[in-house]
Structures are given as C-alpha cells and as structure tokens.
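Got a structure for you, questions after.
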Amino acid sequence: MAATFATSSTVIGLGTSSLASPSRASVGKRSCLTSGFVKSSVAVRNPLRQAGASGGKFTCFERNWLRTDFNVIGFGLIGWLAPSSIPAIDGKSLTGLFFESIGAELSHFPTPPALTSQFWLWLVTWHLGLFIVLTFGQIGFKGRTEDYF
C-alpha cells in the first residue's frame with residue numbers, strides 16, 4: 001500500500017504531470033504548479049458597472065422601492081372593512097364573526113385558542129382578504145400616480 005502512494009506521481013487538478021521529489025539534476029529548475037481552484041491575479045471587469053451612473057454604482061431598484069403611502073393603507077382598510085361587514089355568513093358578517101371569536105377566546109385568556117377553534121378560520125380569512133386588498137390597492141394607486149395605466 002505504501003509503495004502505491006510512493007510511486008503515484010499525478011495529481012488531478014494540477015497543471016504539471018509529476019510531483020515526484022526533485023532529482024539532483026533538476027535542483028536549479030523551479031517547477032510551476034497551476035490549479036483551477038486558485039484565483040488568477042487578473043482583475044475581472046464588471047460588465048454591469050457603468051461609469052457615472054448613480055455615482056459609479058449600478059442599481060437595479062430605486063432606493064425607495066416600496067414607496068409606502070398612507071392613503072393606500074387608509075383606503076385599503078376601509079375598502080376591506082366595508083365588504084367584510086356585509087352579513088353574508090348565516091346572517092353574520094366576517095368581521096363580526098372574527099371580532100366575536102376574539103372575545104370568546106379572550107374570556108379564557110391565559111389559555112390559548114384550541115386548534116379546532118373557529119377563531120383560526122376567521123383570523124386567516126379576514127387577514128388574507130385584508131392583505132389582498134392592500135396589495136391590489138398599492139398596485140393600483142402607485143400604478144395610477146406613476147402613469148403605468
């Protein structure tokens with residue numbers, strides 16, 4: 001086993017074919033090893049860098065990409081409370097059922113709601129509707145102010 005390691009002279013990934021110990025005749029020669037794992041010393045030019053644009057930096061998005069607006073939050077909340085307050089579920093509204101379930105769960109406060117409680121259904125449904133309205137409100141309001149449509 002030791003003999004196979006001693007006679008093996010090639011190493012995969014290195015540019016030279018032999019790594020055997022130097023003989024006395026080749027002591028003056030210096031062997032240059034190259035590898036694909038070591039970075040080259042040549043600087044790579046960044047194709048995305050544009051001189052003079054944004055102070056020499058390339059930016060994909062504006063600095064204020066979210067562009068929050070309190071009009072969207074206010075109108076979105078009103079726009080969701082109005083339809084969710086229509087009594088459509090057995091004569092009760094989604095908002096009413098959600099707030100009623102909050103009151104029922106707060107009546108036994110230190111104990112959390114059970115997984116089978118209707119509170120989770122009303123919580124997820126009400127908030128999902130709110131976030132959908134807010135998302136479409138943000139798209140519509142900002143699209144209109146920035147002349148997308």
Side-chain angles (χ1 to χ4, degrees), residues 1-20 30-149:
M1 186 74 152
T4 58
F5 286 125
T7 60
S8 177
S9 63
T10 58
V11 177
I12 297 174
L14 297 177
T16 60
S17 63
S18 175
L19 285 178
R30 185 164 180 205
S31 173
C32 181
L33 299 176
T34 59
S35 172
F37 299 110
V38 180
K39 291 183 180 179
S40 65
S41 61
V42 177
V44 178
R45 186 172 175 262
N46 186 356
L48 297 177
R49 185 171 181 183
Q50 296 175 355
S54 300
K57 296 178 185 175
F58 180 80
T59 56
C60 294
F61 298 103
E62 295 178 20
R63 182 68 84 188
N64 184 16
W65 63 270
L66 188 57
R67 297 185 299 269
T68 57
D69 193 349
F70 292 115
N71 290 328
V72 175
I73 295 171
F75 289 127
L77 185 61
I78 293 169
W80 174 240
L81 279 175
S84 68
S85 296
I86 296 172
I89 305 169
D90 295 330
K92 296 182 179 180
S93 67
L94 178 62
T95 303
L97 288 169
F98 177 49
F99 290 154
E100 185 180 300
S101 68
I102 290 173
E105 294 301 330
L106 283 176
S107 65
H108 55 83
F109 168 62
T111 308
L115 289 176
T116 58
S117 174
Q118 286 288 314
F119 166 75
W120 298 113
L121 174 68
W122 306 133
L123 174 102
V124 169
T125 306
W126 195 87
H127 281 91
L128 185 67
L130 175 67
F131 295 146
I132 288 171
V133 167
L134 287 174
T135 301
F136 284 133
Q138 177 78 356
I139 292 169
F141 191 81
K142 288 301 175 182
R144 188 75 161 158
T145 58
E146 295 180 10
D147 294 327
Y148 288 130
F149 39 82

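In what follows, residues are counted from 1 in the order of the sequence shown. In this text the structure is predicted, and so the values were computed from the model without any measurement.
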inquiry  = With salt bridge (Lys or Arg N to Asp or Glu O under 4.0 Å) as the rule and sequence neighbours excluded, what pairs involving residues 129-141 come up?
reply    =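 Qualifying pairs: none.
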ask   = If you measure from NE2 on His127 to CH2 on Trp80, what distance do you get to the nearest 0.5 Å?
value =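 If we round to the nearest 0.5 Å, His127:NE2 and Trp80:CH2 are 11.0 Å apart.
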ask   = For residues 95-108, which residue pairs qualify under side chain to side chain donor-acceptor pair (under 3.5 Å), counting only residues two or more places apart or in two chains?
value =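 The answer is Ser84-Thr95, Thr95-Trp126, Glu105-His108, Glu105-Ser117.
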request  = Please report the closest heavy-atom contact between Trp122 and Ile89, naming both atoms and the distance.
outcome  =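 The pair with the smallest heavy-atom distance is CZ3-CD1, 4.2 Å.
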inquiry  = If I take atom CG from residue Leu94 and atom CD1 from residue Ile86, how far apart are they, to the nearest 0.5 angstrom?
reply    =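 Nearest 0.5 Å value for the CG-CD1 distance: 11.0 Å.
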query = Would one find more than 12 heavy atoms of other residues, nucleotides or ligands at under 6.0 Å from atom CZ of Phe136?
reply =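 Not more than 12 within 6.0 Å, no.
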key: Distance in Å, Phe119 CZ paired with Leu106 CG, rounded so as to fall on 0.5 Å steps   =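 Result: 8.0 Å between the selected atoms.
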ask   = In Å and rounded to the nearest 0.5 Å, what is the CG to CD1 distance from Leu97 to Ile102?
value =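 If I round to the nearest 0.5 Å, the distance is 11.5 Å.
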inquiry  = Working to the nearest 0.5 angstrom, can you tell me the gap between Leu121 CG and Thr116 OG1?
reply    =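 It comes to 12.0 Å.
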ask   = Do you know the tightest heavy-atom contact between Trp120 and Ala114?
value =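 The answer is NE1-O, 2.9 Å.
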Heavy-atom closest pair, residues Leu123 and Phe98 =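 The pair with the smallest heavy-atom distance is CA-CE1, 3.4 Å.
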